[in-house]
Amino acid sequence: MSEDTNAPRFEQPDPALYSPTKKGPIGNFFAPVAGFGVTFSTIFRPTVTEEYPFKKVPTRPRYHGLHKLNRYADGLEKCIGCELCAWACPADAIYVEAAANTPGAQYSPGERYGRVYQVNYLRCIFCAYCIQACPTRALTMSNDYEIAGPTREDMIYEKHQLLVPLAEGMLNPPHPMVEGTTDADYYQGTITGPTQEQIDWVKDNRPDDPSLSTARATQKAEVAQ
């Protein structure tokens, strides 16, 4: 069998590309202390001290900090317990348990809500994959970076620690959805606040609810239909 003279031949790369750099007499003399070059180059520079926590430097606007579970304008929770955030988490730091909404206990629009929501900050790598996976924008990340705790148990944040407080005018759930609306109306942002019917429902079922003192009817049922 004759050799194909037209076939490309493999050529060895230039040894200078991968061989160790040859040092001269001076280089060999200073080689034992060459690793201290960075130290010696910065030792006489002025020291910059961050005076934390007495002086806190603001973070960037899109900093990935503590998670927050958001609400709609009438107070219902945005989380629907779909667990997509838990599936998207590469560190397995999120645990979600869903429960069914009922006519007497409506916590979020639609069929389900997040009954249990936990974020383990010993595992979380703040990659924000969970934020991208959330279909209702229920989960966002704040600029709060002070998450340290004295025990491992304290680093597992529960739902009541992550759920944002009621804004002025909101009504504390559970309560029915705005009359004549669907969960799609909530997702599209057409809900601007509670209706008088929702406020009256809470008065009848939970007359001592503290949110009744600040809740304001800002949306009429016929507008949402």
Side-chain angles (χ1 to χ4, degrees), residues 53 56 58-83 85-86 93-99 101 104-110 112-121 124 126 128 130-131 134-150 153-178 181 183 185-219:
K56 299 180 181 180
T59 61
R60 295 291 182 178
R62 299 185 66 180
Y63 177 83
H64 294 169
L66 183 71
H67 294 76
K68 292 295 182 183
L69 290 173
N70 299 301
R71 301 175 183 267
Y72 289 104
D74 62 348
L76 288 179
E77 301 170 7
K78 287 189 175 184
C79 179
I80 57 176
C82 66
E83 303 182 29
C85 54
I94 300 177
Y95 176 75
V96 183
E97 271 188 25
N101 286 312
Q106 184 89 31
Y107 288 90
S108 68
R112 305 195 308 170
Y113 73 100
R115 185 181 68 86
V116 177
Y117 200 100
Q118 297 176 344
V119 178
N120 187 342
Y121 283 105
C124 179
F126 301 92
C130 53
I131 307 303
C134 183
T136 62
R137 296 295 295 167
L139 188 64
T140 54
M141 299 184 80
S142 66
N143 295 93
D144 188 2
Y145 54 85
E146 297 178 312
I147 314 178
E153 290 78 9
D154 291 339
M155 296 302 296
I156 301 177
Y157 278 52
E158 302 285 348
K159 178 181 176 180
H160 69 275
Q161 298 172 281
L162 302 171
L163 190 63
V164 297
L166 291 173
E168 185 177 358
M170 288 184 177
L171 192 62
N172 194 36
H175 59 72
M177 297 165 56
V178 172
T181 63
D183 50 355
D185 296 316
Y186 277 83
Y187 304 154
Q188 294 170 2
T190 60
I191 307 303
T192 59
T195 62
Q196 188 59 48
E197 287 78 3
Q198 289 176 306
I199 296 176
D200 293 339
W201 188 92
V202 175
K203 285 182 180 179
D204 294 339
N205 292 271
R206 301 194 310 276
D208 297 331
D209 194 298
S211 65
L212 289 171
S213 60
T214 58
R216 298 193 308 271
T218 59
Q219 179 166 326

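All values below were derived from every heavy atom in this structure, side-chain atoms included, with hydrogens, water molecules and symmetry-related copies excluded.
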Who pairs with T214 by side chain to side chain donor-acceptor pair (under 3.5 Å), at least two apart in sequence or on another chain?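 With neighbours one apart ignored, the set is empty.
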
Is [X] reaching over with its side chain to a backbone N or O of [Y], donor-acceptor style, under 3.5 angstrom?
X: E158; Y: L162; value: no
X: D74; Y: M177; value: no
X: R112; Y: G81; value: yes
X: N143; Y: R60; value: yes
X: Y186; Y: V178; value: yes

Applying salt bridge (charged side-chain N to carboxylate O under 4.0 Å, His left out), can you list everything that pairs with K56, at least two apart in sequence or on another chain?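 By the salt bridge (charged side-chain N to carboxylate O under 4.0 Å, His left out) rule, K56 matches E146.
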
Does the side chain of [X] reach to within under 4.5 Å of the side chain of [Y], using non-hydrogen atoms?
X: V116; Y: K159; answer: no
X: D200; Y: Q196; answer: yes
X: L139; Y: Y117; answer: yes
X: L166; Y: R71; answer: yes
X: Y113; Y: L76; answer: no
X: E77; Y: L69; answer: no
X: P174; Y: R206; answer: yes

Working to the nearest 0.5 Å, report the span between CE of M170 and CZ of R216.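 Between atom CE of M170 and atom CZ of R216 there are 11.0 Å.
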
Where does the angle between the aromatic ring planes of Y63 and Y145 fall among parallel (under 30°), tilted (30 to 60°) and perpendicular (over 60°)?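 Rings of Y63 and Y145: perpendicular, over 60°.
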
